[in-house]
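Accompanying notes for the structure given below.
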2 protein chains.
Amino acid sequence: MARPPRYDSGRFLDAAVRLAAEAGPAAVTMAAVAKAVGAPSGSVYHRFASRPALLAEVWLRTVEDFQEGWFAALGDGGQGPRAAARAAAVHVVAWSRAQPRAAALLLYGPADFGQGGWPEESEARARAGHERVRTALAELCADLGEDGARAAERVALAVVDVPLTIVRRHLRRGEDLPPYAEQLAGDSALALLGAG
Amino acid sequence: MARPPRYDSGRFLDAAVRLAAEAGPAAVTMAAVAKAVGAPSGSVYHRFASRPALLAEVWLRTVEDFQEGWFAALGDGGQGPRAAARAAAVHVVAWSRAQPRAAALLLYGPADFGQGGWPEESEARARAGHERVRTALAELCADLGEDGARAAERVALAVVDVPLTIVRRHLRRGEDLPPYAEQLAGDSALALLGAG
DNA sequence: GCTGTTTTGGAGAGCCCTCTCTATTTAATT
DNA sequence: AATTAAATAGAGAGGGCTCTCCAAAACAGC
């Protein structure tokens, strides 16, 4: 017994992703999102209580999608910790290749999307995701027989940060990822882990 | 035969660096810079023709300072290309440790500071700096006996991008760099180069 | 067809930001 | 002391953005 929705929140989020990828988080204004979708600004506020709430959702939806595949790659097949690390590193690049606009968001940080001013529910989701990653990295470390803050950092570099940096190099210049990017990420991960 | 300057452009730039480091490039508004220095907004416009001109100067001053030391580290002492690469990687971290606020700027890209809308003179400076780096990396590649796009990328990762990523990991969370960061950058660089 | 509920559509208040314009101040020179 | 170049000081026009508010529209159930 109600008027049917005409814009669902996904459409607004998709537009927000596009805007952020093309011109940075600052370009994601409520007015710009509304215009991109062809909706009046009131309709955006019907779905998202505020600009911080929208930015939080854009960030979290993207990061959670990314993490889902990353956890799967890391845990997949029992081929030992080094193979798992390689698979995770490769996944970062493969996911970015499949969704370059979403990947462009990850190159920013939550702070650039206003974290700190988010609704508490969003802050909690961010903490939960962060915690899951932290735990997975700690387990990987243990499986590799490494310990200490320094080893933990080398592992994190290998399976997350360096692959993302490879993506950053190209996306920042507006280029596509080269065909060898996955292999470079995988090889770099093994090289860093082997450097122990 | 003139009234002596009361604010020099350096003070405005310093304030802009602080604002950008703390809240991102978007927070560097002409009004905020003026307020931070205690000057009226007109005085900022006396030194910088426009906001894009100010942002360009903030970025270029920082990057050029960074590059100066980086070239020195890379070219210093004739200890062979691998030692030079290591020194350059270490320098990235050491420079960031000494100037964490300036380093926070480098974690953004020129696009975040409005490149594309800069005055032509600034765009030219950016191109020149970029070209110097490109040339230095090509020479390093040659000295290492590497060639091809993929090798070039691995070298760039080793001596610039991975060290910056180590810095990013910590600065993004508001932490100081750990004491082992320089060594980690140097070791990572060698590991990546050796992975060839 | 009527009712009730949800959503759209759009105007506009209030705020901040960029940039302009016009005094006014200051000190070296004459 | 008068002159003059260079800089400060600050008000305000114009524009965009956030968010509010209310009337109009659309559909399910009776």
Side-chain angles (χ1 to χ4, degrees), chain A residues 1-20 22-59 111-122, chain B residues 1-20 22-59 111-122:
Chain A
M1 42 162 97
R3 175 171 179 173
R6 178 163 173 185
Y7 313 102
D8 79 338
S9 34
R11 285 184 64 189
F12 293 127
L13 292 175
D14 292 342
V17 168
R18 198 168 59 247
L19 288 166
E22 283 165 11
V28 183
T29 68
M30 300 301 255
V33 168
K35 188 180 170 190
V37 168
S41 70
S43 297
V44 183
Y45 280 93
H46 189 72
R47 303 287 172 189
F48 300 97
S50 63
R51 181 167 181 259
L54 169 68
L55 288 176
E57 201 55 36
V58 171
W59 173 260
D112 298 308
F113 284 82
Q115 192 187 29
W118 287 353
E120 173 49 30
E121 183 232 331
S122 301
Chain B
M1 44 162 95
R3 175 173 178 171
R6 176 163 173 185
Y7 314 101
D8 80 337
S9 33
R11 285 184 63 190
F12 293 126
L13 293 176
D14 292 343
V17 168
R18 199 168 58 246
L19 288 165
E22 282 165 12
V28 183
T29 67
M30 299 301 255
V33 169
K35 188 180 169 189
V37 169
S41 71
S43 296
V44 182
Y45 280 92
H46 188 71
R47 304 285 172 189
F48 300 97
S50 64
R51 182 169 181 257
L54 169 69
L55 288 176
E57 200 57 34
V58 171
W59 173 260
D112 298 307
F113 285 81
Q115 192 188 29
W118 288 351
E120 174 49 29
E121 183 231 333
S122 300

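Every chain is numbered from 1, with letters handed out A, B, ... down the list of sequences.
In this structure, L55(B) places its CG atom 14 Å from P of dC17(C), rounding to the nearest Å. Taking atom NZ of K35(A) as the reference point, atom P of dG10(C) lies 15 Å away to the nearest angstrom. Nucleotide dC22(D) holds its P atom 17 Å from the NE2 atom of H46(A), rounded to whole Å. One interatomic measurement links the two molecules: CZ of F12(A) to P of dT7(C), which rounds to 12 Å at whole-angstrom precision. Put simply, OH on Y7(A) is 10 Å from C1' on dT7(C), counting in whole angstrom units. Rounding to whole angstrom units, OH of residue Y45(B) and C1' of dC21(C) are separated by 14 Å. One interatomic measurement links the two molecules: CZ of R11(A) to C1' of dT7(C), which rounds to 14 Å at whole-angstrom precision.
Among the heavy atoms of the strands lying under 4.0 Å from S50(A) are primed sugar atoms or P, OP1, OP2 only; no base atom is included. Within the nucleic acid shown, P5(B) comes within 4.0 Å of sugar-phosphate atoms alone, with no base atom in reach, counting heavy atoms only.
Without hydrogens or angle criteria, R47(B) side chain to Y7(B) main chain gives a donor-acceptor distance under 3.5 Å. Proximity of a side-chain donor or acceptor of D14(A) to a complementary backbone N or O of V17(A) within less than 3.5 Å is not detected.
With distances taken from any side-chain atom of R47(B) to the nucleotides dT20(D), dT7(C), dT8(D), the minimum falls on dT8(D). The side chain of P40(B) lies closest to dG10(D), out of dG10(D), dG9(C), dT7(C).
The side chain of R6(B) places an N or O atom within less than 4.0 Å of a non-bridging phosphate oxygen (OP1 or OP2) of dA9(D).
Each of M30(B) and P4(B) lies near DNA chain C, and the nucleotide nearest M30(B) is the one positioned closer to the 5' end.
Every residue two or more places apart in sequence or in another chain was checked for a side-chain hydrogen bond (donor to acceptor under 3.5 Å, both in side chains) with Q115(A), and none qualifies.
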### Message
Go through it in stages, so that I can follow the logic: the residues are V44(B) and V37(B), the test is side-chain contact (heavy atoms from CB on, under 4.5 Å), and I'd like the CA-CA distance, side-chain angles, deciding distance and then a yes or no.
### Response
CA-CA 10 Å; V44(B) 182; V37(B) 169; over 6 Å; no

